[in-house]
Structure formats: structure tokens, C-alpha cells
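In this text, all values refer to a predicted model and were calculated from it rather than measured experimentally. Note on naming: letters A, B, ... go to the chains in the order of the sequence lines (proteins, then strands), and numbering restarts at 1 for each one.
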Amino acid sequence: MIKAVRGFKDILPEEIPYYRFIEEKIKGILENFGFREIRIPVLEHIEVFERSIGNTTDIVEKEMYTLKDKGGEILALRPEATAGIVRSLIENALHLKCPVLKFYFSGPMFRYERPQAGRLRQFHQFNVEVFGIKEASLDAEVVALLYIIFQELGIEKHINLEINHLGCKECRPIYKSLLINFLSSKKEKLCKDCKRRMERNPLRVLDCKNPECKEVTLQAPKICEHLCTECRRYFGETLDYLNILGIPYTINPMIVRGLDYYTGIVFEAISTEIGAQSAVAAGGRYDNLVEDMGGPPIPGIGFAIGEERAVMLLKKEKKVKEEDPRVFFAVLGEEAKRTMIPIVFKLRLKGIKCEMEHDCRKSLKSQMRKADKIKAKYAVITGEEEVKEGFTIVRNMESKEQFKVKIEELVRFFEEVER
RNA sequence: GUGGGCGUAGCUCAACGUGGUCAGAGCACCGGACUGUGGCUCCGGGGGUUGGGGGUUCGACUCCCCUCGCCCACCCCA
């Protein structure tokens, strides 16, 4: 049997309503917030990711799906969306064309990782990005927006909004060396992964899961206590705005984010209910990214929601279901089928969801079983006699009431009844 | 890349520990009881080369080896 590739999952019809609910709900909110949709390609030149996400991150080092096309170019399936959106912003000079630079995007991402609960090789993210504004009020708006999205999805009780500030070009390096000094003094107590992290990305030691490392990092200097006055002011002001907006959050000095491009405010929506991969959404400010990728110095901030992870929470909360058909047409014999099929089409065009049995040799009993199984509200029963006499039997499947309806009046009948 | 768990009908699982009743049940599916009327009930039916390959044995779903796949966790991250 041919099976799907590891880490690539079918989203079957019964699950689709959850994804639609999420995507449609979020789009509705974002449009009101003044965001516009953008769609970017699945493939990019590999530099798009190397120059943005960071050459020493695992994503770029070992998790990208790369390929050489027939012209010898090295391309990569996008492991995340922000880099591509920035590429598009620069390439299309959107900053000169759009008065407001607020974009959203939803689509599949690809990372070659070992699958586990809440982690796939192809997964879906819903991205939100704002460019060109660097104001605490905007940062608060973006963070608040994320919370409101969860609220509107009805899953805000399942997540915790955590926020931190990573500092700027000035204060981050100072903090970093402070941290390295501290960690070096405790080196023996750290796990082997953390010893490695110390060299590559010391900030990441802070979110190690190892209990012993956690004990050590509890004592570590906290970035938010070592911000320069400007960053401190900005962080405080952002939190102020969040308070004004009534958004619940907690400051977590341990969140550092994995991508190199983050600067300033970073935040995560965390859940304890979806396995070890607890981030349902995450984001932050990236003020140098556009410039680093060869564009003008435009600041940015954004976040991504993991759709599969959000669906996991949604499933705990409510059953989103698709619409059942309204009418099932049971047809006994060729004549009945030929008479009813145009009517089925007419009703469908009027927006009434109908289903007809195509095997008209099946017993009425089995056709009624099907009507019941698909949860149709009405069954229309037509046999040879009915066709001859010009009427048909309409049965209300719930009340079991039946009436005769003239065939030429069927469409009008259902228009009335279904209005 | 590393570790642990698991692979028996479409689904959930039993039979494997002491190899030798048949490879079984529930759900789902199809049909009948009701010659043209669903859900409940009763009755019947189709379906499995027990993930694949090799070995031990008179005999393996059951024991051994290899392989593939899935799941969970580490790593990393949405």
C-alpha cells in the first residue's frame, strides 16, 4: 500500500471544518484590524532563509527541505513564512506602494524534523506581520490581537500569553556576556545540550527543559532586568497598553525564541494540553530583518499561529461540524430517476443541499437508510406510480410526517419550507 | 540524529507469558425480518497472505534475527 510521506498528513473531510473555522474566523478579525492578505510561494531561493532565520539555527542547518532545480539553483521549501513575506516586501517595494503595511498569510510550512505530538513535517501556520511602525502601542496591539484571536476561537482558557523583551543592539550583547559569565561559573551543573548551547546560542539555555538546568537558570541574570533605559521604557509602555486593553499576560524572562531575527518584544501563546510542543503561537519584533535581507531599514513585528496545534485545542472545546444535507431523493426505477434529477439540480442551484440515490434498483428500505445516515431533514420518495400520477412523497425525517407534493411544485415547496 | 513503546479485519482490541481449536469480538459496512419507507431490536453476510523477510520447530500471530512503518519523548519549534 502506498502511504503518505512521514510527517505529511491528510486533512480528511471530517477535520476540515476545524481548519475552516480557524482560518475564516481569523481572517474576519484581521480584516477589521486593517490587515490585507498576501500569498507567497512555497519555494524560495535558499538564501531567503539563510539570511533571515540564521545560519546556525537548526532550522537552517538541518531541517530544511532543499532541492536543486533543473537549472542548478538551490531552492528550499519554506520552513516559515516571515522570511518570504519580507522578501516579497523588498522585491515589490511594498513600502512605497501601500500606505499601511499590515499583512496576513496562511499556508503549509515544511521542516524535516522527527514527527511527534503537535509536530509534523508539513504543517500550517497563520502569519500576521506589520512593517514600518515602531511604537509600543503597536506592539501591544499585535500582542492583544493574538489574544483576541484565541478569545474569538473560544480557546483562550487553554493558553497562556507570555511576553519578554530581548533588548536591542546595545543592551543585548552586554546581557549576553553577563549570561555567559554566569553560565560558565555553573557549567558542571548543566546538561550536555546546554554546554553546547552556551557556545552557539547562550540565550537558549534559559528555556532548557532539564530540571537541573532549570534550577541553575532560575538564578541566572534576567534580560528584562538588564535592558538599557530605552528598551526598558519601551517594554514598560507596551505592558501599559496591554493593561489598558485588558489583555492578560505574564512576563516570562525565559522565553527567547529560536529564530535569530527577533529583537525587542517577543511573546508566545503556550498550552500544556497539546503534548511537549507547547507553543500554539509565537512571535516578536524583528527590526533589523528587512535591512539584513537587503531592503531599506524598516522595522517589523509579527506572529505565527500553528494551525494544527490550534485545532487540537479547538477539538477539546467544541465540535465544529459541517452542514448536513437537507433533502435526500429516493428514486425507485429509471423513470423516477430521470424525472427527479433535474429537480435535484434546481434545488442545489437555489442553495439547498441535496443528495440523490444513483442506484435506483436499490430497495426503498436501503435508500431510506441512506437518507437517515446522511442526516437529511427530508426524504423525497418517488416510484413509478408517483411519476405516472405527477406527484411525489415528501417525508419529514424527524417528525415522520408525509405529504404528497406535485412534482412541478417540489422546488417551490422546498423554497418555502427551507426559506 | 538519540531514546522508549507499539505493529492482528475499515476502526478499537482479544488470542501470544506455558508454540499445536479453528485468527476471534465489538463498532462500522451490506442484506433480510417489513414484496415501496430510516433510527431500536433480532437474524444473516462480506471481509485478515496476524506490517514485510528470514530462521528455530513436526507445527509460529505466539520464540529468535533483520527490515519497514507508526506513536511518544529528547533535540528543535508553530
Q: Nearest-nucleotide wise, let me know which of A/E113 and A/S399 is further upstream toward the 5' end of RNA chain B.
A: A/S399
Q: Select base, sugar-phosphate, or nothing to describe what A/E268 touches, counting heavy atoms under 4.0 Å on all strands.
A: nothing
Q.
Assuming nearest nucleotide by heavy-atom distance, tell me which of A/M397 and A/I274 is located more 5' along RNA chain B.
A. A/M397
Q.
My understanding is that a pair needs two contacts under 3.5 Å, Watson-Crick or G-U wobble. By that rule, which nucleotide pairs with B/rC27?
A. B/rG10
Q: Report yes if some heavy atom in the side chain of A/T339 is under 4.5 Å from a heavy atom in the side chain of A/T382; otherwise report no.
A: no
Q. Side chain of A/R114, base of B/rA73: donor and acceptor closer than 3.5 Å?
A. no
(Q) When you measure from the side chain of A/R119 to the backbone of A/R114, do you find a donor-acceptor pair of N or O atoms at a distance under 3.5 Å? (A) yes
(Q) With rounding to the closest Å, how many angstrom separate the P atoms on B/rC71 and B/rC29? (A) 27 Å
Q: Answer yes or no: does a side-chain N or O of A/S366 lie under 4.0 Å from OP1 or OP2 of B/rG31?
A: yes
Q: Figure out the CZ/P separation between A/R6 and B/rG1, and round it to whole Å.
A: 9 Å
Q. Checking all strands, does A/K62 fall into the base, sugar-phosphate, or nothing category for heavy-atom contacts under 4.0 angstrom?
A. nothing
Q. Roughly how far apart are A/H226 NE2 and A/R172 CZ, rounded to 0.5 Å?
A. 15.0 Å
Q) Looking only at N and O atoms, is any donor in the side chain of A/Q125 or the base of B/rC77 less than 3.5 Å from an acceptor on the other one? A) no
**Q.** Length of the line joining A/M340:CE and B/rG36:P, which is rounded to integer Å
**A.** 19 Å
Q) Do A/Y249 and A/N160 get their side chains close enough for a donor-acceptor pair, meaning under 3.5 Å? A) no
**Q.** Side chain to side chain, A/L138 and A/R285, heavy atoms closer than 4.5 Å
**A.** yes
Q. Are side-chain heavy atoms of A/D292 and A/R51 found at a separation under 4.5 Å?
A. no
Q.
What contact category does A/E385 fall into here, base, sugar-phosphate, or nothing, at under 4.0 angstrom with non-hydrogen atoms?
A. base
**Q.** Separation between the P atoms of B/rU67 and B/rG3, rounded to whole Å
**A.** 13 Å
**Q.** Interatomic distance, A/I53 CD1 vs B/rC76 P [rounded to whole Å]
**A.** 16 Å
**Q.** Donor-acceptor pair present, A/Q367 side chain and B/rU37 base, under 3.5 Å
**A.** no
Q.
Taking B/rU37 as the reference, what is the distance to B/rG44 when you measure between their P atoms (whole Å, please)?
A. 23 Å
Q.
Mind checking if A/A282 touches a base, just sugar-phosphate, or nothing, with heavy atoms under 4.0 Å?
A. sugar-phosphate
Q. Can you check the A/L161 CG to B/rA78 P distance for me, whole Å?
A. 15 Å
Q: Starting at atom CD of A/E307, determine the distance to atom P of B/rC77, rounded to an integer number of angstrom.
A: 21 Å
Q.
Does a side-chain N or O of A/Q116 approach OP1 or OP2 of B/rC74 to a distance below 4.0 Å, or not?
A. yes
Q: Could you tell me which nucleotide pairs with B/rA15 by Watson-Crick or G-U wobble geometry, both distances under 3.5 Å, or answer none if nothing does?
A: none
Q: Assign A/I374 to base, sugar-phosphate, or nothing according to its heavy-atom contacts below 4.0 angstrom with the strands shown.
A: nothing
Q.
Counting the atoms with a prime plus P, OP1 and OP2 as sugar-phosphate, which does A/G275 contact under 4.0 Å by heavy atoms, base, sugar-phosphate, or nothing?
A. sugar-phosphate
Q. Are OP1 or OP2 of B/rG38 and a side-chain N or O of A/K365 less than 4.0 angstrom apart?
A. yes
Q | Nucleotide paired to B/rG3 in any strand shown, Watson-Crick or G-U, under 3.5 Å | A | B/rC72
(Q) What is the separation between atom CE on A/M109 and atom C1' on B/rC77, rounded to the nearest whole Å? (A) 13 Å
Q. Within the structure, does a side-chain N or O atom of A/K373 lie under 4.0 Å from either OP1 or OP2 of B/rC29?
A. yes
Q: Kindly indicate whether the side chain of A/R369 and the base of B/rU37 share any N or O donor-acceptor pair separated by less than 3.5 Å?
A: no
Q: State whether A/R204 places a side-chain N or O below 4.0 Å from either non-bridging phosphate oxygen (OP1 or OP2) of B/rC77.
A: yes
Q. Just to confirm, is there a sub-4.0 Å distance from OP1 or OP2 of B/rU37 to any side-chain nitrogen or oxygen of A/K362?
A. no
Q | Pairing partner of B/rG48 (Watson-Crick or G-U wobble, both distances under 3.5 Å) | A | none
Q.
Determine whether the aromatic ring centres of residues A/F35 and A/Y104 are separated by less than 6.0 angstrom.
A. no
Q: Report yes if some heavy atom in the side chain of A/F103 is under 4.5 Å from a heavy atom in the side chain of A/E37; otherwise report no.
A: no
Q: Whole angstrom is fine here: how far is it from NZ in A/K404 over to C1' in B/rG36?
A: 13 Å
Q: Please state how far atom CD in A/E384 lies from atom P in B/rG36, giving the value in whole angstrom units.
A: 12 Å
Q: Just call it for A/K9: base, sugar-phosphate, or nothing, with non-hydrogen atoms closer than 4.0 Å on any strand.
A: sugar-phosphate
